[in-house]
Participant: 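Below is the structure I would like to discuss, written out as structure tokens.
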Amino acid sequence: MKKISVLGATGSVGQNTIDLLRRTREDYNIVALTGGRNIAQLAADAIELQADIAVTAYEDLLDDLRAALAGSDVEAAAGEEAIVEAAFRPAFWVMSAIVGAAGLRPGLAVLEQGATLALANKESLVAAAPLLLETARANNARILPVDSEHSAIFQALVGEDRSAVSRVIITASGGAFRDWPLEKLATATIEQASTHPNWDMGQRITIDSASMFNKALEMIEAREFFGFTPEQIEVLIHPESTVHALVGFKDGALMAHVGPPDMRHAIGYALNWPRRDTLPVERLDLAAIGQLSFRTPDLNRYPALGLAHQVMEAGGLSGAVFNAAKERALDHFIGGRIGFWDMNVIVEEVLNRQSPGQSHKDVSITLDRVLQVDHLARICADDVMREQANRK
Ligand code: NAD
Ligand code: MG
């Protein structure tokens, strides 16, 4: 039986992971499940899957978690350190489906204990890829990509000579506002931004899809994880979300991954890797779909894509600055303190102030440096927001 943990188990990717585990329950021993404020879900899943331990990120919820687990054998714990400890518990395969840079330390702990890290938490790669990759190498651990586009690229590269790759195309649905007039975007509300045309995901990544910050993070993720150059990474709007990514080779061939917009595909591939196994995803009826469409994204509509290029060129710790500024701007948008378009303005300004190109390039990427840069970028994002508010 394989020992498995799921970090961020109560979220969208976490619940899809649990759905797969539940179907082949007899193959797995569940070590740890972690979550946030949804104690009822966390406790119910931990009891059903007979996990060793359930952990909430919030210390004030420990009593609630204990009460919800009463009468079961599941241990309860709470707080950031408890999540890192749970991630460090010996396991064969650990899903990291925590949202945000909060996933970095738990992800490192998974790699330090030598487990396979199935990584949905793209923010940790954007902020600190060299650290994650080096920790994996030093501990003989493996990272498997779970973001659907990166799983698609990973699958398209199986058996291929990497030096024959000439380009990679990441597709984007275009998000909630793909057909809105540009001048209307500034008025977009939180509710409007929180509805995705194709994918059912957590609120933060759904809003990031509307602003295309999600795709910006994914470009950086592709650069860092696979080592593509910025020039090799292209983005196409593909409203059907059926082709997840394409890898182009020097002979002109494009290898595409085609499937329904269902995260259980990418999660299941990572879970069963290097084998393939039956997955409960829809079988596509291409004749019924009829046609698939692609178009070039308008950079005026999606400034995040241009910023991603700036970050990829700058390298070093600029990914940590970019991600933290984006997370903070998103907090302010969700909190109703800024408008939708202001997120672009804040992130660009923080990048200009905190990541002046070369200076971050040669700095070695330690955990302390990443956390420090992340912290300063969040403060800077708050400063920029206040300055903007004063000007209005
Ligand atoms: P979600 O908001 O639905 O779930 C997030 C999970 O993280 C929850 O379990 C929550 O309790 C936990 N969490 C939140 N803050 C935390 C903190 N500070 N410390 C510890 N745990 C915390 O998010 P999601 O949509 O499932 O996305 C999870 C990750 O996967 C993100 O990095 C996202 O970008 C990535 N991703 C998601 C999808 C998708 O389909 N939802 C697709 C590709 C990649
Ligand atoms: Mg994705």
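Sequence positions, counted from 1, serve as the residue numbers for this chain. Both backbone and side-chain heavy atoms feed into the values below; hydrogens, waters and symmetry mates do not. Counting starts at 1 for both ligands and their atoms, in listed order.
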Participant: For atom 19 (N) of ligand 1, what's the nearest protein heavy atom and its distance?
Facilitator: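 Here the nearest protein heavy atom works out to A57 CB, 3.7 Å.
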Participant: What angle, in degrees and rounded to 10°, do you get at the Mg ion (ligand 2) when you join it to OD1 of D147 and to OE2 of E218?
Facilitator: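 Centred on the Mg ion (ligand 2), the OD1/OE2 angle is 90° (to 10°).
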Participant: Which protein non-hydrogen atom lies closest to atom 44 (C) of ligand 1, naming both residue and atom, and how far is it?
Facilitator: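 For this ligand atom, the closest protein heavy atom is D147 OD1, 3.4 Å.
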Participant: Atoms of ligand 1 less than 4.0 Å from I205 heavy atoms?
Facilitator: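 Result: 25 (O), 33 (C), 34 (O), 36 (N), 37 (C), 38 (C), 42 (C), 43 (C), 44 (C).
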Participant: Output the list of atoms in ligand 1 that are nearer than 4.0 Å to some heavy atom of T10, sorted by atom number.
Facilitator: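 With T10 as reference, the close atoms of ligand 1 come out as 8 (C), 9 (O), 11 (O).
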Participant: Taking atom CZ of R89 as the centre, report whether more than 12 heavy atoms of other residues, nucleotides or ligands fall under 6.0 Å from it.
Facilitator: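 Yes, because the 6.0 Å sphere around CZ of R89 holds more than 12 heavy atoms from other groups.
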Participant: To which protein heavy atom is atom 22 (C) of ligand 1 closest, and what is the distance rounded to 0.1 Å?
Facilitator: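 Residue, atom and distance for the closest contact: I98 CG2, 3.8 Å.
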Participant: Report, in ascending order of atom number, the atoms of ligand 1 lying under 4.0 Å from any heavy atom of G35.
Facilitator: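 Result: 11 (O).
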Participant: Identify the closest protein heavy atom to atom 35 (C) of ligand 1: which residue and atom is it, and at what distance?
Facilitator: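 Answer for atom 35 (C) of ligand 1: A120 O, 3.1 Å.
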Participant: Within ligand 1, which atoms have a heavy atom of I83 less than 4.0 Å away?
Facilitator: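 Checking each atom against I83, I get 20 (C).
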Participant: Which is closest to atom 25 (O) of ligand 1 in terms of heavy atoms, G202, A102, G36?
Facilitator: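 Answer by nearest heavy atom: G202.
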Participant: Just checking, any donor-acceptor pair under 3.5 angstrom between side chains of Q388 and R391?
Facilitator: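 Short answer, no.
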Participant: If we set the cut-off at 4.0 Å for heavy atoms, which region of N38 has an atom near ligand 1: side chain, backbone, both, or neither?
Facilitator: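 Looking at N38 and ligand 1, no heavy atom falls under 4.0 Å.
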Participant: Taking everything shown except D200 itself, do over 12 heavy atoms lie less than 6.0 Å from its CG?
Facilitator: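 Atom CG in D200 is not crowded, with 12 or fewer foreign heavy atoms closer than 6.0 Å.
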Participant: Between Y269 and R276, is there a cation-pi geometry (under 6.0 Å to ring centre, at most 45° from the normal)?
Facilitator: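 Judged by the rule (NZ or CZ under 6.0 Å from the ring centre, within 45° of its axis), R276 is not positioned above Y269.
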Participant: Return the CG to OG1 distance between L271 and T17, rounded to the nearest 0.5 Å.
Facilitator: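 Nearest 0.5 Å value for the CG-OG1 distance: 8.0 Å.
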Participant: Please report which non-hydrogen protein atom sits nearest to atom 32 (O) of ligand 1, along with the residue it belongs to and the distance in Å to one decimal place.
Facilitator: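 Result: E123 OE1, 2.6 Å.
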Participant: Among all protein non-hydrogen atoms, which one is nearest to atom 6 (C) of ligand 1, and what is the separation to 0.1 Å?
Facilitator: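 Result for atom 6 (C) of ligand 1: A97 O, 3.4 Å.
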Participant: At what distance, to the nearest 0.5 angstrom, does NE2 of H257 lie from CD of E149?
Facilitator: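 Reported to 0.5 Å precision, the distance equals 11.0 Å.
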Participant: Which residue supplies the protein heavy atom nearest to atom 3 (O) of ligand 1, what is that atom called, and how far is it?
Facilitator: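 Ranked first by proximity to atom 3 (O) of ligand 1 is S12 N, 2.9 Å.
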Participant: May I ask you to test the F154-D147 pair for a side-chain heavy-atom distance under 4.5 Å?
Facilitator: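 No - every pair of side-chain heavy atoms lies 4.5 Å or more apart.
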Participant: Side chain, backbone, both or neither: which part of R37 has a heavy atom under 4.0 Å from ligand 1?
Facilitator: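 None of R37 does.
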Participant: Is the distance between the ring centroids of H244 and H150 under 6.0 Å?
Facilitator: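 No - the distance between ring centres of H244 and H150 does not fall below the 6.0 Å cut-off.
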Participant: Establish, yes or no, whether a centroid distance under 6.0 Å links the rings of F92 and Y28.
Facilitator: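 Ring-ring flag for F92/Y28: false, centres at least 6.0 Å apart.
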Participant: Among all protein heavy atoms, pick the one closest to atom 37 (C) of ligand 1 and tell me residue, atom and distance.
Facilitator: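 Answer, as residue, atom name and distance: V13 CG2, 3.3 Å.
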Participant: Given 3.5 Å as the limit, does a donor-acceptor pair link the side chain of N121 with the main chain of G100, or not?
Facilitator: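 Indeed, once roles are kept as given, a pair shorter than 3.5 Å links the two residues.
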Participant: Would you kindly specify which portion of K122 sits under 4.0 Å from ligand 1, judged on non-hydrogen atoms: side chain, backbone, both or neither?
Facilitator: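 The answer is both, backbone and side chain.
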Participant: Hey, looking at atom 15 (N) of ligand 1, which of T34, I267, V99 has the closest heavy atom?
Facilitator: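 Looking at heavy atoms only, the winner is V99.
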Participant: Taking CD in E231 as the centre, count heavy atoms belonging to other residues, nucleotides or ligands within less than 6.0 Å. Is the count above 12?
Facilitator: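 Result for CD/E231: enclosed.
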Participant: If you count the non-hydrogen atoms of other residues, nucleotides and ligands that lie under 6.0 Å from CD in E26, is the total more than 12?
Facilitator: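 For E26, atom CD is crowded (more than 12 foreign heavy atoms under 6.0 Å).
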Participant: Taking only heavy atoms of G8 into account, list the atoms of ligand 1 that are under 4.0 Å away from them.
Facilitator: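 Here the atoms of ligand 1 in question are 6 (C), 7 (O), 9 (O).
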Participant: If you count the atoms of ligand 1 from 1 in the order shown, which ones are under 4.0 Å from a heavy atom of M201?
Facilitator: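 Checking each atom against M201, I get 39 (C), 40 (O), 41 (N).
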Participant: Can you check side chain to side chain donor-acceptor pair (under 3.5 Å) on H332 and D382, steps first, answer last?
Facilitator: CA-CA 9 Å; H332 289 313; D382 290 358; 2.8 Å; yes
Participant: Tell me, which N, O or S atom in E149 is closest to the Mg ion (ligand 2)?
Facilitator: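 Checking each N, O and S atom of E149, the shortest distance to the Mg ion (ligand 2) belongs to OE1.
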